[in-house]
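Reviewing the structure listed below.
Note that the coordinates shown come from a computational prediction; the quantities given were computed from them, not determined experimentally.
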Amino acid sequence: MKVGFLVCIWFVLCGCCMGRFVVEKNSLRVTSPDSIKEVYECAIGNFGVPQYGGTMVGNVMYPKTNKKSCKNFSDFDIFYKSRPGGMPVFLLVDRGDCFFTLKAWNAQQAGAGAILVADDRVEPLITMDTPEEEDAKADYLQDITIPSALISKSLGDSIKKELSKGEMVNINLDWREALPHPDDRVEYEFWTNSNDECGPKCESQREFVKHFKGAAQILEQKGYTQFSPHYITWYCPEAFILSKQCKSQCINHGRYCAPDPEQDFSKGYDGKDVVLQNLRQACFFKVANESGKPWLWWDYVTDFAIRCPMKEKKYTKECADQVIKSLGFDVKQIEKCVGDPEADTDNPVLKAEQDTQIGKGARGDVTILPTLIINNRQYRGKLDKGAVLKAICSGFEETTEPAICLTEEIETNECLESNGGCWQDKAANITACQDTFRGRVCECPVVQGVKFVGDGYTHCEASGALRCEINNGGCWKGTQNGRAYSACIDDHTKGCKCPPGFKGDGINSCEDIDECKEKLACQCAECKCKNTWGSYDCSCNANLLYMHEHDTCISKDAKSEFSWGLVWTIILGLAVAGVSAYAVYKYRIRRYMDSEIRAIMAQYMPLDQGEGATNVPHGNI
């Protein structure tokens, strides 16, 4: 029994004290009075529902009696429920004498909107957690819904001092940056346990898995999240590896252990049964993930909890195998992953789990079960579907949240009231207001491939190609007497310009220009001008014809005579040119022929007596 007691103490110490625990914090801004107006840090309690991704404003009140909130305030006829239209009450209470959860529950019952617990000592902030199993009262733990925060002693004293002077203390609790939100995918881990005999925490964990399964699977299947389950194990002290107690709580020669479910080595299931079922669940996820269906892990653990409970003595390998087969997986693949639990070697899956348990960066070590880690930050608060979904939704970059994050039960759509103060075109049903989990943003939209540009608050204008297809690019357009005009020009990336015949800003209006009245056209002496919408008509008196290019009137007959004369002139000109060209051609041909003949004759006969003649005296024949 002594060895068993020592081993139990070791597991408790390993579970509670090993590693580096990180206190998750949010921002607390005092907005009045000016004497303590500043931004402070506070530690998020590991119960209730922190408003991840949002803010909460309230007035601080400090009770005159029941200052530690360890008793029900109704016993003192004290209530803190705010009146309609009033801000919620943030109840400031002192640390000590009872569990943090009881303080929060009593504050919530009295109508407070949030609870601030002032530390009673000068120390770094700690995480307020739920009590241990033997001290927990499940009848109220899961009913706590108000957010809680631990503040430093110095801040608590400052607030009390201002309240004693009759000053109103206003505080803004801000969880918007409590979790990182870098991109359009959230990575989260769930550190859990297959043990279902660990009291209220195990019950709440089982209920959470059952209710959150649907949302988790939707988010995973559509690629919005990347989920991975994990399991905590501890190692047995080397001095006790061969002891009966260590052998019953550990596998692989003391490398991977879990506390006895009933905290009694002599009855029920052993710690190593829990380790093996944890390993089997981890291996199921590994095989399911490799098959491209990691979300089936939620089905497996839910079905296992229902079909194989400890209290019915079904927490066995045989029952687990039946669940595995029912989900269409090969038991041999799972067994290959589990390996030999009696071997004196490392198990790759559990070794990786132990390495992952050690925190890196801002995450801290995992020391509390269950633990949820979202975007490398540990979640604090009630393990509840709505609360956890809010926290996951706060991990998405603004405007990238999936539809499930924008439902009424998760957040308030600020665009529904006065369009969120953003620009909108009611005629085209286009708005710059985009609802996000953190609140609305005013950002000019992209509609049917057309991008709108502007500040999003007072102005958005269509730009680029095809912009005139969307509400005419925000430009003026009009139709009258079968004629249509538009101030939007497709080959312009932006801007509006009234078409010819109109004047105005091109956005709100374009007015017809009276070319006749303003003497812009049809101004010749014989011209008659009539204004039309967007243009004008010009005509001439009697037998005259209007020439638009020259803005003048000419005789129809003169034009005809002029036209035939021009035609005959052209014909005669062409004839003269043809005859002249022929005469020149004949002359050049004749000269060429004469020169050729002379050249030929010069070769065969003398053409000149002094040139080529025979030197014979006359009369000497």
Side-chain angles (χ1 to χ4, degrees), residues 1-22 129 132-133 189-199 201-202 205 228-266 268-286 310 315 317 320 334-361 363-371 373 378:
M1 289 299 295
K2 184 177 180 180
V3 172
F5 175 75
L6 291 173
V7 173
C8 269
I9 292 297
W10 174 259
F11 286 145
V12 170
L13 290 173
C14 283
C16 300
C17 303
M18 70 176 293
R20 178 177 59 89
F21 184 82
V22 171
D129 200 6
E132 295 301 320
E133 284 75 16
E189 310 166 17
F190 183 42
W191 289 81
T192 182
N193 196 344
S194 62
N195 177 10
D196 61 7
E197 288 293 323
C198 60
K201 282 194 174 182
C202 284
Q205 177 180 252
S228 56
H230 294 286
Y231 300 85
I232 291 179
T233 60
W234 298 281
Y235 63 90
C236 185
E238 189 173 354
F240 304 110
I241 287 178
L242 300 178
S243 69
K244 178 182 177 180
Q245 288 77 13
C246 243
K247 287 182 179 180
S248 67
Q249 311 309 310
C250 310
I251 65 173
N252 294 97
H253 284 245
R255 287 177 173 83
Y256 314 107
C257 313
D260 187 280
E262 299 88 6
Q263 300 297 316
D264 188 340
F265 295 124
S266 63
Y269 290 98
D270 295 324
K272 77 174 184 178
D273 296 321
V274 175
V275 176
L276 283 170
Q277 290 297 350
N278 288 349
L279 176 57
R280 193 167 280 109
Q281 291 187 3
C283 284
F284 183 90
F285 175 78
K286 182 176 183 293
M310 285 184 173
Y315 191 79
K317 176 184 181 301
I334 308 298
E335 287 304 311
K336 182 180 178 181
C337 172
V338 170
D340 182 6
E342 301 299 327
D344 188 11
T345 58
D346 286 333
N347 179 288
V349 175
L350 292 179
K351 180 67 169 62
E353 292 294 284
Q354 286 185 340
D355 293 341
T356 306
Q357 186 180 339
I358 306 301
K360 296 178 181 178
R363 193 193 82 171
D365 299 341
V366 178
T367 59
I368 300 174
L369 275 179
T371 288
I373 296 175
Q378 293 193 23

Could you tell me if the side chain of [Y] sits less than 4.5 Å from the side chain of [X], heavy atoms only?
X    : Y    : value
N195 : Q277 : no
H253 : K247 : no
T371 : I232 : no
N193 : P370 : no

Can you name the side-chain contact (heavy atoms from CB on, under 4.5 Å) partners of [X], sequence neighbours left out?
X    : result
A352 : none
E238 : I241
T192 : F190, Q205, Y231, W297
H230 : E189, W191, S228, E353, T356

For the atom pair [atom1] ([X]) and [atom2] ([Y]), what is the distance rounded to the nearest 0.5 Å?
X    : Y    : atom1 : atom2 : result
C257 : D270 : SG    : CG    : 12.0 Å
S248 : K272 : OG    : NZ    : 7.5 Å
Q357 : T233 : CD    : OG1   : 6.5 Å
K336 : C283 : NZ    : SG    : 11.5 Å

By side chain to side chain donor-acceptor pair (under 3.5 Å) - contacts of [X] (at least two apart):
X    : answer
N347 : none
D196 : none
K351 : D355
K317 : D321

Where [X] and [Y] come nearest, the two heavy atoms and their spacing:
X    : Y    : result
G254 : C250 : CA-CB, 3.7 Å
Q249 : P259 : OE1-C, 3.8 Å
T345 : R255 : N-NH1, 3.4 Å

Answer yes or no: is there a donor N or O on one side and an acceptor on the other, between the side chain of N278 and the main chain of S194, under 3.5 Å? yes
Looking at Y315, is its backbone amide N or carbonyl O close enough to the side chain of Y269 to form a donor-acceptor pair, meaning the two atoms are under 3.5 Å apart? yes
Among residues at least two apart in sequence or on other chains, which ones pass ring-ring contact (aromatic ring centres under 6.0 Å, His included) with Y256? none
Quick one: salt bridge (charged side-chain N to carboxylate O under 4.0 Å, His left out) partners of D340, sequence neighbours excluded? none
